[in-house]
Amino acid sequence: MAARQPPSTGIRTDWTGKTVQPWGFIVPLDHEGTGVTAFILVPYVGACVHVPPPPANQLVFVTTRTLF
């Protein structure tokens with residue numbers, strides 16, 4: 001699947017400062033107490049950061065001030 005993905009076109013600077021509502025599934029990376037403070041938003045259930053990961057242009061790294 002990854003080989004069939006188009007190459008990334010870079011960062012979407014036209015979204016800077018705008019509110020967006022991406023959808024996806026959370027892969028937690030860090031937590032504080034019982035809340036998640038950093039995660040990767042992935043495009044499908046079961047996606048993970050190991051073999052085979054989704055293409056890089058389908059991942060969103062998120063850090064939060066508020067705990068989820």
Side-chain angles (χ1 to χ4, degrees):
M1 292 288 290
R4 296 190 325 214
Q5 294 294 321
S8 175
T9 57
I11 297 172
R12 295 285 309 256
T13 57
D14 56 320
W15 288 1
T16 301
K18 302 208 176 181
T19 300
V20 296
Q21 295 181 331
W23 64 271
F25 302 91
I26 292 175
V27 177
L29 297 176
D30 201 5
H31 63 85
E32 186 176 308
T34 59
V36 176
T37 57
F39 61 90
I40 296 175
L41 192 63
V42 297
Y44 51 85
V45 172
C48 199
V49 292
H50 60 282
V51 180
N57 64 348
Q58 294 183 11
L59 303 175
V60 178
F61 176 64
V62 180
T63 58
T64 66
R65 292 184 202 149
T66 307
L67 302 178
F68 284 88

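Quantities reported herein were computed from a predicted structural model and do not represent experimental measurements.
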Exercise. Closest heavy-atom contact between F39 and P28?
Worked result: CB-CA, 4.0 Å

For this session: Kindly work out whether a path of hydrophobic side-chain contacts (I/L/V/M/F/W/Y, heavy atoms less than 4.5 Å apart) joins F61 to V27.
Result: yes

Exercise. With T19, which residues qualify under side-chain contact (heavy atoms from CB on, under 4.5 Å), at least two apart?
Worked result: none

Seminar exercise, completed: Heavy atoms of E32 and T37 approach each other most closely as CB-CG2, 3.8 Å

Exercise. Are V42 and W23 connected in a single hydrophobic cluster, I mean Ile/Leu/Val/Met/Phe/Trp/Tyr linked by side-chain heavy atoms less than 4.5 Å apart?
Worked result: yes

Seminar exercise, completed: Tightest non-hydrogen contact, residues P54 and Y44, listed as CG-OH, 3.7 Å

Seminar exercise, completed: Residues passing the side-chain contact (heavy atoms from CB on, under 4.5 Å) test with V20, sequence neighbours excluded, are W15, P22

Problem set entry | Flag side-chain contact, heavy atom, 4.5 Å: L29 against I40 | yes

For this session: Please name the pair of heavy atoms, one in G24 and one in L41, separated by the smallest distance, quoted to 0.1 Å.
Result: C-CD1, 3.7 Å

